Amino acid sequence: MIEKGKIWLSPPHMGGREQWYINQAFETNWISTVGPQINAFEKLLAHFIGTENSAVLGSGTAAIHLALRILGVEHGDSVICQSFTFAGSANPIVYQGAAPIFIDSERETLNMDPDILEDALKQIDHSKQPLPKAIIPVHLYGMPAKMIEINSIAAQYNIPVIEDAAEALGSKLNGKMAGSMGAMGVLSFNGNKIITTSGGGALLSNNKNYIDEVRFLATQARDNAPHYQHTQIGYNYRMGNINAAVGLGQMEVLEERIKQKREVFNYYQDSLNRVEGIEFIEEPSGYFSNRWLTTILTKSYEQRETIRLTLEKENIESRPLWKPMHLQPVFKNARYFGGEVSEEIFNRGLCLPSGTALNKEELNKIVTIILQL
Ligand SMILES: Cc1ncc(COP(=O)(O)O)c(C=O)c1O
């Protein structure tokens, strides 16, 4: 991603040892979707997140898909999902033939509002419709969702929670890692994430049966036989060993990357907090965000667009916050519970360049442009 003078939103940032791990894989000819680098990466991830098991996969979207599949989500079912998110959180619900039910956000963390979740479940329960088969809260931009409240509501209805921690590797709530608080946790190593494997994802769980089943389904659901035998429909969703080798190198610098992301956030906050109309999302007590992307809320759509377009003219990439799923044409018929919080955040929100290799000069250039508006 080298384009002279361009400042990207969140480009990959290699630590330096990735090439060494790739060479090791080449020297031993572990080039496919099995190999020691995959096993080592899975162990490291589970250890880092604090779950007993993990399976690395081709993408975070694949991880959500397999999580739904092993929870038995099928045609005619419904699944609750945070509306304010990237489409990868919700699309797999439709892959399974189920209907998404979207929930609005609260203003503190910008994630799934537990009160609205509770109301939605009460309404669904009272209408005697079948309860949703899963709940997908998302830790957007690295800020943990209100998992204590969400888990407690989910437990009352006995609905498993799939935590979408795709953007939140290293974020914590009361010391617990994002991805370790639900029945299953999902990570993404897409190129713009805090660490990348070029493309990839992982599913984490304390339930070994889930992870064994994920491995089975991800490798075309091949039964245990000398020939190729299948009693279920499977997928080709495994991560390649070369990608896992990149992941091993990236894990060595993960803590440093979290620190750098938080420094980027602090720099913007210190420099811009006196600008009229610009707000930052603070961490509530007990919340620790990896600050994957620094996001600001402006006072109006117009102010947001002025900042975005001025940065664009200077060859600096910034991006509106995710457009909520209930406003996406493709989900126009989906059920939605909530008001206008996520819509308003979308209209007023902007992600600022948050690359961990940004230097002081580049950061200064960005804030100077904004301060001059
Ligand atoms: C919140 C969220 N969920 C899911 C995904 C899907 O991950 P992937 O791109 O690895 O499929 C992403 C990122 O890309 C994401 O940001």
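Start at 1 with the first residue, then count along the sequence. Order of appearance sets the numbers: ligands from 1, and atoms from 1 within every ligand. Predicted model, so just to flag it, every value in this text is computed and none were measured.
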- Has ligand 1 got any nitrogen or oxygen that is less than 3.5 angstrom from a nitrogen or oxygen of Ile64? no
- Please say whether Trp322 places an N or O atom under 3.5 Å from an N or O atom belonging to ligand 1. no
- Task: Give a yes or no on this: more than 12 heavy atoms of other residues, nucleotides or ligands lie within 6.0 Å of atom CD of Glu362.
- Result: yes
- Cationic N near anionic O, under 4.0 Å, Arg308 to Glu312: yes
- Evaluate the ring planes of Trp322 and Tyr141, with Trp represented by its six-membered ring, and classify them as parallel (under 30°), tilted (30 to 60°) or perpendicular (over 60°). parallel
- Distance to 0.1 Å, residue and atom name: give those for the protein heavy atom nearest to atom 14 (O) of ligand 1. Lys193 NZ, 3.0 Å
- Message: Would you call the rings of Tyr95 and His65 parallel, tilted or perpendicular, taking 30° and 60° as the class edges?
- Response: perpendicular
- Nearest to atom 12 (C) of ligand 1, what protein heavy atom do you find, and at what distance? Phe86 CD2, 3.4 Å
- Item | Cluster check Ile7, Leu309: I/L/V/M/F/W/Y, side chain < 4.5 angstrom | no
- Message: Quick check against the 3.5 Å criterion: does Gln37 have a side-chain atom that pairs as donor or acceptor with the backbone of Asn241?
- Response: no
- What is the closest protein heavy atom to atom 3 (N) of ligand 1, and at what distance does it sit? Asp164 OD2, 2.7 Å
- Query: Is the backbone N or O of Ala183 less than 3.5 Å from a side-chain atom of Ser205, with the two atoms forming a donor-acceptor pair by type?
  - Reply: yes
- ligand 1 to Gly200, heavy atom cutoff 4.0 Å, flagged ligand atoms 10 (O)
- Option with minimal heavy-atom separation from atom 9 (O) of ligand 1, where the choices are Leu187, Leu57, Ile136, Asn190: Asn190
- State the atoms of ligand 1, each with its element, that fall below the 4.0 Å cut-off from a heavy-atom position in Val138. 1 (C)
- Query: Taking heavy atoms and a distance under 4.0 Å, where does Ala166 meet ligand 1: side chain, backbone, both or neither?
  - Reply: side chain
- Message: Looking at Phe280, I'd like to know if its CZ atom is crowded, meaning that more than 12 non-hydrogen atoms belonging to other residues, nucleotides or ligands lie closer than 6.0 Å.
- Response: yes
- Query: Counting each atom of ligand 1 from 1 as listed, which ones have a heavy atom of Ser188 under 4.0 Å away?
  - Reply: 7 (O), 8 (P), 9 (O), 10 (O)
- Query: Which one holds for Thr85 and ligand 1: side chain close, backbone close, both close, or neither close, with close meaning a heavy atom under 4.0 Å?
  - Reply: side chain
- Message: Tell me whether ligand 1 is touched by Ser89 - counting only heavy atoms on the residue side and a distance under 4.0 Å.
- Response: yes
- Query: What protein heavy atom sits nearest atom 16 (O) of ligand 1, and how far off is it?
  - Reply: Glu167 OE2, 2.6 Å
- Under 4.0 Å from ligand 1, counting heavy atoms only, is it the side chain of Thr61, its backbone, both or neither? both
- Is it true that atom CG of Asn158 has more than 12 heavy atoms of other residues, nucleotides or ligands lying nearer than 6.0 Å? no
